[in-house]
Visitor: 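Here's a structure for you.
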Amino acid sequence: DHIVWTRLAIISFAEETPDLQPTLNRLLRNQDDIGDAIKPFYGEAAGQELTRLLRDHILIAADIIAAAKAGDQTAVADAQARWTANADEIAAFLAGAIPRSWDVDKMTAMLEEHLRLTTDEALARLQGDWAADVAAYDQIHAHALGMADTLSNGIIKQFPSRFR
């Protein structure tokens, strides 16, 4: 759901459609859902922390899109730096949960690729390059499925008795 709601938010933002706020609200709710999904395995505090980190991820992305749309390259660079720092925090958080399955360097690389692909998607949309927009979404979709597999496999490996 994360990439689907992200795409819808990018489109709504780029096109200035009236569904932007409800779409952003739903995208932010998805971050709550992700945090809630890990609570049975890592506890309430870990779920809340992941939700916080992921909500920051979305809010910083909105800053990037707003700055890019306004043509403010200084603000884009600032937000990109904050977004990368946030991805590094998420990678460290995940690697701390399962250091044997989720290596911090691999988590960081995976999340930074996610940022690059999402940026490509947003820029293609903002520039009206529809073919590149669709191609970027296909890439982010495939990447997100791989991320989901990596995360799920790590949890399954750490808690094998809870899965059949």
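Basis for what follows: all heavy atoms, side chains included, without hydrogens, waters or symmetry-related copies.
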Visitor: Other hydrophobic cluster members with Ile11, side-chain heavy atoms of Ile/Leu/Val/Met/Phe/Trp/Tyr under 4.5 Å, chained?
Guide: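 In the cluster with Ile11 there is nothing else; it is isolated.
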
Visitor: Supply the atom-to-atom distance Asp56 CG to Gln31 CD, rounded to the nearest 0.5 angstrom.
Guide: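 Spacing of CG (Asp56) from CD (Gln31) equals 10.5 Å.
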
Visitor: Is there a side-chain contact between Arg26 and Asp1 in this structure, where contact means two heavy atoms from C-beta onward sitting under 4.5 Å apart?
Guide: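 Touching, per the 4.5 Å side-chain cut-off.
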
Visitor: Before we go on, tell me: are the rings of Tyr42 and Phe159 under 6.0 Å apart, centre to centre?
Guide: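 Yes; Phe159 has its ring centre under 6.0 Å from that of Tyr42.
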
Visitor: Restricting to pairs with a member in residues 136-156, which pass salt bridge (Lys or Arg N to Asp or Glu O under 4.0 Å), not counting sequence neighbours?
Guide: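 Counting only pairs at least two positions apart or across chains, no salt bridge (Lys or Arg N to Asp or Glu O under 4.0 Å) contact touches residues 136-156.
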
Visitor: Measure the spacing between CH2 of Trp102 and CG of Asn153 and express it to the nearest 0.5 Å.
Guide: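 Rounded to the nearest 0.5 Å, the CH2-CG separation comes out at 10.0 Å.
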
Visitor: Quick one: name the residues clustered hydrophobically with Val76, using the 4.5 Å side-chain heavy-atom rule over I, L, V, M, F, W, Y, and just say none if it's on its own.
Guide: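 Val76 clusters with nothing; isolated.
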
Visitor: Hydrophobic clustering (ILVMFWY, side-chain heavy atoms < 4.5 Å, transitive) - are Met147 and Ile156 grouped together?
Guide: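 Linked within one cluster.
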
Visitor: For Asp103, check salt bridge (Lys or Arg N to Asp or Glu O under 4.0 Å) against everything at least two apart and list the hits.
Guide: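 Not a single residue meets the salt bridge (Lys or Arg N to Asp or Glu O under 4.0 Å) criterion with Asp103.
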
Visitor: Should Leu28 and Val4 be counted in the same cluster of Ile, Leu, Val, Met, Phe, Trp and Tyr side chains packed under 4.5 Å apart?
Guide: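 Shared cluster, yes.
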
Visitor: Who pairs with Lys157 by salt bridge (Lys or Arg N to Asp or Glu O under 4.0 Å), at least two apart in sequence or on another chain?
Guide: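 Partners of Lys157 under the salt bridge (Lys or Arg N to Asp or Glu O under 4.0 Å) test: none.
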
Visitor: Taking only residues two or more places apart in sequence, or in another chain, which ones meet Phe13 in a ring pair (Phe, Tyr, Trp, His ring centres under 6.0 Å)?
Guide: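 Result, ring pair (Phe, Tyr, Trp, His ring centres under 6.0 Å) vs Phe13: none returned.
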
Visitor: Could you grab the distance from atom CD of Gln80 to atom CG of Leu115, nearest 0.5 Å is fine?
Guide: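 Result: 7.5 Å between the selected atoms.
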
Visitor: If a pair satisfies salt bridge (Lys or Arg N to Asp or Glu O under 4.0 Å) and one of its residues is in residues 116-127, list it, with sequence neighbours excluded.
Guide: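 Qualifying pairs, neighbours excluded: Arg7-Glu121, Glu15-Arg125, Glu113-Arg116, Arg116-Asp120, Arg125-Asp133.
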
Visitor: Examine Ile98 and Leu50 and state if one hydrophobic cluster contains both, with Ile, Leu, Val, Met, Phe, Trp and Tyr joined whenever side-chain heavy atoms are less than 4.5 Å apart.
Guide: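 As far as the 4.5 Å side-chain criterion goes, Leu50 and Ile98 are connected within one cluster.
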
Visitor: Among residues two or more places apart or on two chains, list those pairs meeting ring-ring contact (aromatic ring centres under 6.0 Å, His included) that have a residue in residues 110-155.
Guide: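 Those involving residues 110-155 are His2-His114, His57-His114, Tyr137-His141.
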
Visitor: Can you list the residues that meet the side-chain contact (heavy atoms from CB on, under 4.5 Å) rule with Leu123, with sequence neighbours excluded?
Guide: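 Only Ala68, Thr119, Gln127 meet the side-chain contact (heavy atoms from CB on, under 4.5 Å) criterion with Leu123.
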
Visitor: Output a table of donor-acceptor pairs, distance under 3.5 Å, between side-chain atoms of residues 33-40 and any protein atom two or more places apart or on a different chain; print 'none' if there are none.
Guide:
| unit_1 | atom_1 | unit_2 | atom_2 | d |
| --- | --- | --- | --- | --- |
| Asp36 | OD1 | Lys39 | NZ | 2.9 |
| Lys39 | NZ | Glu44 | OE2 | 3.2 |

Visitor: I need the full list of salt bridge (Lys or Arg N to Asp or Glu O under 4.0 Å) pairs touching residues 61-78, with sequence neighbours left out, sorted by first then second residue.
Guide: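 Qualifying pairs, neighbours excluded: Glu16-Lys69, Asp63-Arg82, Asp78-Arg82.
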
Visitor: In Å, rounded to the nearest 0.5 Å, how long is the span from CG of Asn86 to CZ of Arg52?
Guide: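 So the gap between those two atoms works out to 8.0 Å.
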
Visitor: Quick one: list whatever passes side-chain contact (heavy atoms from CB on, under 4.5 Å) with Ser12, sequence neighbours left out.
Guide: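 Testing Ser12 for side-chain contact (heavy atoms from CB on, under 4.5 Å), a comparison that skips the adjacent residues, returns Thr17, Asp19, Leu20, Thr23.
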
